[in-house]
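Comments concern the structure below.
Below, chain A is the first sequence line, B the second, and so on; all start at residue 1.
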Number of protein chains: 2
Amino acid sequence: MVTLQQLVYFLAVAETRHFTRAAERARVAQPSLSKQIHGLESELGAPLFTRARGNIALTPAGEALLPVAKRILSDVDTARQEVAELVGLRRGRIRLGATPSLCVGVLADALRMFHDRYPGIELVVEEGGSRDLTAALLGGDLDLALVIVPPQGVDPALTSTPVLGEHLVVASSPDLDLPESFPLAVLRDYPMVMFRRGYDLRETTLQACRAAGFEPRFAVEGGEMDAVLRFVEAGLGVALVPSLVLPGRRGLRATSLRAPGIRRKVALAHRTDVPPTAAARAFRSVLFEHLDAWVAADAVPVGVELTPETPAVRAQSWT
Amino acid sequence: MVTLQQLVYFLAVAETRHFTRAAERARVAQPSLSKQIHGLESELGAPLFTRARGNIALTPAGEALLPVAKRILSDVDTARQEVAELVGLRRGRIRLGATPSLCVGVLADALRMFHDRYPGIELVVEEGGSRDLTAALLGGDLDLALVIVPPQGVDPALTSTPVLGEHLVVASSPDLDLPESFPLAVLRDYPMVMFRRGYDLRETTLQACRAAGFEPRFAVEGGEMDAVLRFVEAGLGVALVPSLVLPGRRGLRATSLRAPGIRRKVALAHRTDVPPTAAARAFRSVLFEHLDAWVAADAVPVGVELTPETPAVRAQSWT
DNA sequence: ACGCGAGGATAGCCTGAACCTATCGAGACG
DNA sequence: CGTCTCGATAGGTTCAGGCTATCCTCGCGT
């Protein structure tokens, strides 16, 4: 077996044209180097140097080996370098999934912070319903996803860390004359704008209405988050949406539900059987740092509950 | 230190996505392979595989390493291959020097035989005076040279093997009315055509004339072999030349000198401190084979004496 | 000519690395 | 809930690569 050690020594001799000095350079005793060179020569079946007193020179075989040996060793360096860059977060990629409610507020800031800190890491964000994201995680198409935790918990093949809880509010056009706050059952009398299948919100809304004793009427259905909000703005109907999506939407009015209201838990999930990459771990840190900053600045948006998880709980399965 | 062994194992796992099967493929026990992979991972500072049951996959670091590792291993193969081709005489180069007298006859045939047998080996022939060739050998510009052995022997830094002895004859124009055979002293009365400095023949001729008691007159001087012969053809004078250069020259007449005549020894020389390459050794064999064939076929040209060296003597310093 | 110094090769020893077998332990599956 | 699969771990053995000491050859200076 040819070894990299042999090639290193070979190169040292080829460049110094001197066994003793090559040995010094390679931080090794001269006999060790001699022995390795001999080993390489017998392995390749040809002498690599002519050992004339004070005039070591490469044989044709040595000449042929020299450029290849150089390339091999430089490739080894490259390999080491590349991996180091990934580990050092100077390079890499995170494929992150998120529900639309989070993309709007939390995520934009967190991504901004992350990108400032680790500019070499490529960020790929997939926006979608929670079910879709879960499937993408399991299929290996995402590294991380911010998903809604359904009542029965996330898929057993996923590990999730709670991130925050959000309240659902009723979005409506300001033209609509709704009370300040009301129980869900009031919506019985209003047509609704409903999300397409795949959105966790669709199921949540339907179940909540049924629990309140009525079957909702749909004015429109099938849209993504943005479309739904525009339809509501246009007065087509009302919708149950996370409060986080409303700030900045002048054309919409948010009405909270009377207690207990409806809450959803958002968690950061990843596959249990694939340990998160260094980049994913870094993103997690930045995300929680950002949320902690909200708490510290007393700037937690209305309708959001930060789960007061201890760092220990957060670190679960993330070491 | 990263080792090639580790890369081989890494590649086996990356391709089989299975430690146990990779170990079988690498002809090694599974724990040995596992350990090596761990060693590589700790060396590079990052895990290379995600060990999910029945679903081994590359981490980003592994993905980054894969192409480089492939290239490194393929380069090692290339290196081995290249050296093997040189050793196997499928590739290579011989830089051979020869005096003009030998280029004409012996060498052409020998080169032809050699090229037929080893078509991959590049042949570079330098024609020149014996002194020039010796200098080129010492300077490392030639691998081998067929040179004239001067009375005091070749340069001590060179090793030479006797090849043949050749007689010098007097070349003259057929118009010139010379006796069948005569002592050198007869030339006292004829103007001579003389080689340029650097030709061993120049010194040899001068010394021979002086030994015979006269200083030769030059009709022309300074030419290479071919020019000298043409001048002689043109009747400008006579010249002492190796008999080997005359066959095929219709316009010239060769007159041998009365005993003892003048003999020169031709030898194959190479630097003592640089062992001949495989290609050079092969050439030597072909050359002597060719000369032996002359003897066997009783086709030794007139004026040539083959030295009946035993193979043992020939092999001196050539192992 | 002879001694000396330089420099690569050789000898002999020692440590650590790589291999082996045996076994553990955790997820998958009937 | 046993059983199977498959990677990790443990412990022992061998050998490769390193070291020091020494040799051998050649060139060089006296």
Side-chain angles (χ1 to χ4, degrees), chain A residues 1-44 47-59 62 138 155-159 271-275 317, chain B residues 1-10 12-44 47-59 62 138 155-159 271-275 317 319:
Chain A
M1 185 65 165
V2 174
T3 69
L4 290 174
Q5 195 70 271
Q6 290 171 335
L7 296 183
V8 169
Y9 292 169
F10 166 74
L11 214 64
V13 176
E15 284 173 2
T16 59
R17 305 176 90 74
H18 201 286
F19 276 65
T20 304
R21 280 198 282 281
E24 279 166 17
R25 193 169 109 173
R27 314 291 187 126
V28 84
Q30 168 262 317
S32 307
L33 181 138
S34 273
K35 204 166 152 190
Q36 290 287 54
I37 297 287
H38 273 109
L40 182 56
E41 287 178 326
S42 79
E43 173 72 33
L44 295 178
L48 299 169
F49 297 104
T50 62
R51 276 97 158 158
R53 303 282 143 192
N55 184 22
I56 304 285
L58 289 162
T59 61
L138 291 172
D155 189 294
L158 299 182
T159 300
R271 274 174 69 178
T272 306
D273 60 359
V274 178
S317 90
Chain B
M1 185 63 164
V2 175
T3 70
L4 290 173
Q5 193 72 272
Q6 289 171 336
L7 296 182
V8 169
Y9 291 170
F10 166 75
V13 176
E15 285 173 2
T16 58
R17 305 174 87 75
H18 202 285
F19 276 65
T20 304
R21 280 199 283 282
E24 278 166 18
R25 192 168 110 174
R27 313 293 188 125
V28 83
Q30 169 262 316
S32 307
L33 181 139
S34 273
K35 203 169 160 191
Q36 291 286 56
I37 297 287
H38 272 110
L40 182 56
E41 287 178 327
S42 78
E43 173 73 32
L44 295 178
L48 299 169
F49 298 104
T50 62
R51 275 93 159 165
R53 303 285 141 191
N55 184 23
I56 304 285
L58 289 163
T59 61
L138 292 173
D155 188 294
L158 299 182
T159 302
R271 274 174 70 176
T272 306
D273 60 0
V274 179
S317 89
T319 44

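- Residue B:R51 has no polar side-chain atom (N or O) positioned under 4.0 Å from OP1 or OP2 of D:dC6.
- The phosphate of C:dA18 has neither OP1 nor OP2 within less than 4.0 Å of any side-chain N or O from B:Q6.
- Distance, B:L4 CG to C:dA18 C1': 15 Å, rounded to whole Å.
- Under 3.5 Å, the side chains of B:T272 and B:T159 contain a donor-acceptor pair of N or O atoms.
- Side-chain to base pairing of B:Q30 with D:dA8: one donor and one acceptor N or O lie within less than 3.5 Å of each other.
- For the 3.5 Å distance criterion, the side chains of A:S34 and A:Q30 qualify, holding a donor opposite an acceptor.
- Under the 3.5 Å distance criterion, with hydrogens and angles disregarded, no donor-acceptor pair is assigned to the side chains of B:S32 and B:Q36.
- Of the side-chain N and O atoms in A:T20, none sit less than 4.0 angstrom from OP1 or OP2 of C:dG7.
- C:dG7 atom C1' lies 15 Å from atom CZ of A:F49, rounded to whole Å.
- Considering only the side chain of B:H18, D:dC6 comes nearest among C:dT10, D:dC6, C:dT21.
- B:K35 NZ to B:Y9 OH: the interatomic distance, rounded to the nearest 0.5 Å, is 12.0 Å.
- Distances shorter than 4.0 Å separate some side-chain N or O of B:Q36 from OP1 or OP2 on C:dC19.
- The distance from atom CD1 of B:I56 to atom P of C:dG27 is 14 Å, rounded to the nearest whole Å.
- Residue B:S34 is in sugar-phosphate contact alone, with no base atom involved, counting any heavy-atom pair closer than 4.0 Å across all strands shown.
- Computed from coordinates, the A:L33 CG to D:dC19 P distance equals 10 Å when rounded to whole Å.
- Side-chain proximity of A:Q5 to C:dC19, D:dT20, D:dG18: nearest is D:dG18.
- The CD-C1' distance, from B:E24 to D:dT5, rounds to 13 Å in whole Å.
- With rounding to whole Å, B:Y9 atom OH is found 12 Å from C:dA17 atom C1'.
- Within 4.0 Å (heavy atoms only), B:S32 reaches at least one base atom of the nucleic acid.
- Under the 4.5 Å side-chain criterion, counting only non-hydrogen atoms from C-beta, B:R51 is in contact with B:F19.
- If you check D:dA10, D:dG18, C:dA9 against the side chain of B:P31, the one that comes closest is D:dA10.
- The NZ-P distance, from B:K35 to D:dG7, rounds to 18 Å in whole Å.
- Whole-Å rounding puts the B:I37 CD1 to D:dA8 C1' distance at 13 Å.
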